[in-house]
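First comes the structure, then the notes that go with it.
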Amino acid sequence: MDYERLAEILFPEHLESPEYYETIYPLRDLPEGAKVTRLGPSPTGFIHLGNLYGAFVDERLAHQSGGVFFLRIEDTDDKRQVEGAVETIINSLRFFSINFDEGAGIDGDTGDYGDYTQSKRGPIYRAFAKRLVAEGKAYPCFLTEEEIAEIREKQQELKVNPGIYGKWAHSRELTLEEIHKKVNMGEEFVIRLKSDGDLSKPEDQIRRISVKDAIRGELSMPENDQDVVILKKTGIPTYHFAHVIDDHLMRTTHVVRGAEWLPSLPIHVELFEKLGWEPPIYCHTAQLMKLDEEGNKRKLSKRLDPELSLDYYRREGYHPKAVREYLLTILNSNFEEWRIANPDADVDEFQFTLEKMSNSGALFDLNKLNDVSKEVLLKVPASEIYDFLRAWADEFRPDDQAVQTMLADRAYMERVLDIGRNAERNPRKDHIFARQMMENLTYFFDETFEITDPMPEEVVNAGDVKVILEKYLATYDHSDDNETWFNKIREITDELGYAVKPKDYKKHPEDYKGHVGHVSTVIRVALMGRQQSPDVWEIQQILGEDRVRARLEGYLRALDR
Ligand code: GLU
């Protein structure tokens with residue numbers, strides 16, 4: 001067949017030559033070893049943890065090596081696009097310190113390798129599809145949906161692999177005249193790769209491809225035999241074709257993508273081969289998994305796990321540093337060890353490597369994230385946490401009176417945030433994420449103060465709540481230092497028949513009504529509304545004398561009612 005002629009029939013419009021594109025997108029002038037990576041999200045508006053996880057790998061690879069990290073919008077699936085999605089992608093990732101050097105942007109593209117939006121690259125894909133047709137490596141296929149369904153049925157009956165390949169690829173047989181006629185009649189067609197693969201041979205004669213995956217090592221898989229669609233009826237490329245063309249012309253060196261793409265790797269390898277190009281280095285990342293209630297690993301699901309959405313972390317108010325630090329713990333198995341050895345180092349000093357990535361499923365665990373967050377926030381100064389809370393509240397709680405009131409007095413809030421954090425040994429680590437912090441700190445503010453916990457049973461049974469609070473109030477001196485203050489509590493404890501040392505009470509419970517801990521819990525509940533809190537003396541110093549007295553008096557008044 002005259003393939004050149006066929007190509008002209010199928011692509012009559014003016015197209016640039018593949019060589020033209022090779023020249024306008026030259027090899028990048030980068031230092032030896034510099035990596036070029038890209039993120040290729042679909043603009044569906046839903047950005048998930050997997051995107052961030054992958055983006056993080058891309059970003060580290062590029063920026064640790066002096067390379068380039070770019071954003072390409074993969075909008076060939078025209079059904080699922082959402083207005084403003086590009087902006088959301090860029091902003092969400094920027095929040096987690098993932099910044100692109102090049103590519104699609106809110107105000108248009110930057111960089112010399114664009115367009116960076118696949119829907120704008122139509123002529124490029126067509127130019128290369130035309131070349132493949134002209135070389136007899138691709139062909140038009142006129143099969144209708146119904147015909148394809150029939151083929152599938154027959155294949156099922158015969159128990160052979162499904163798909164359009166080999167003798168099932170009926171359009172391969174068409175003559176130039178037949179094709180010309182169909183095209184003239186306006187029949188729709190797709191362009192398919194004419195695969196050289198053959199999987200119908202005996203098992204031991206099947207050719208295999210081998211790819212060195214930078215995360216998974218040597219991969220060996222049966223070659224592709226499917227005549228996959230490269231251009232759809234609409235002229236839009238499939239993922240397979242767009243990936244190969246774009247990553248070649250944009251000079252991507254490392255393709256980081258999810259393990260769900262592994263099965264189509266043989267297709268990509270054949271496409272690169274047919275186009276005469278060197279494939280990039282593939283890095284197939286592990287699926288994000290979580291432990292379910294029964295302790296079984298399962299994939300994170302959009303329906304079941306709100307924490308899969310990146311939005312979740314912003315709404316809850318996780319500090320980006322915490323998320324970044326946590327991601328590294330699941331990305332690189334040696335990160336935690338490094339962190340122990342370098343407790344104060346900037347997280348970006350850690351040398352991220354593909355070799356230390358797990359390939360068997362990365363376990364995502366919110367509790368672990370919370371633990372990491374506690375550690376990370378401990379090192380963030382109160383003034384910075386305040387700024388963070390302020391920004392969170394303005395974005396997510398602008399009309400929440402309670403939250404806004406709590407943040408009204410910056411100096412006061414900073415002292416609140418700092419309680420117990422500066423202790424030499426065992427500093428307090430109760431800050432995790434913004435919503436939790438705000439809920440945790442309500443008792444520092446009259447507008448949000450509430451009694452949520454009961455008084456300790458031992459004291460209630462002895463009928464001593466009132467007398468403890470009266471005595472405490474009577475001896476309260478705001479200028480007492482911590483020790484003098486606590487001695488006064490000891491005195492009350494002793495006077496009323498409670499053990500000053502908890503262990504005495506544990507040894508001889510019959511000799512006491514309770515111990516000093518129960519007595520101070522009474523004060524905690526009256527002052528803070530809760531049985532647990534940081535150091536009472538320190539809290540009182542922040543609350544101020546008036547508030548302390550008012551709360552104790554208030555509690556006593558309520559008792560009398
Ligand atoms: N658009 C593809 C996706 O959303 C990107 C895969 C890739 O990175 O190659 O999954």
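These numbers were taken from a predicted model, which means no experiment stands behind them. Values reported hereafter were calculated over all heavy atoms of this structure, with side chains retained and with hydrogens, waters and symmetry mates removed. Counting starts at 1 for both ligands and their atoms, following the listed order.
Here the side chains of Val68 and Thr37 are not in contact, with every heavy-atom distance at 4.5 Å or above. Contact annotation: the side chain of Phe56 never approaches that of Asn51 to less than 4.5 Å [non-hydrogen atoms, C-beta and beyond].
Those atoms of ligand 1 that come under 4.0 Å of a heavy atom in Glu74, given as number and element, are 1 (N), 2 (C), 5 (C).
Inclusion of Arg38 in the set of residues having an N or O under 3.5 Å from an N or O of ligand 1 is warranted. Considering backbone and side-chain atoms alike, Gly40 places an N or O below 3.5 Å from some N or O of ligand 1.
The aromatic rings of His170 and Trp168 lie tilted to each other, with the angle between the two planes from 30° to 60°. Aromatic ring orientation, Trp392 versus Phe396: tilted (interplanar angle from 30° to 60°).
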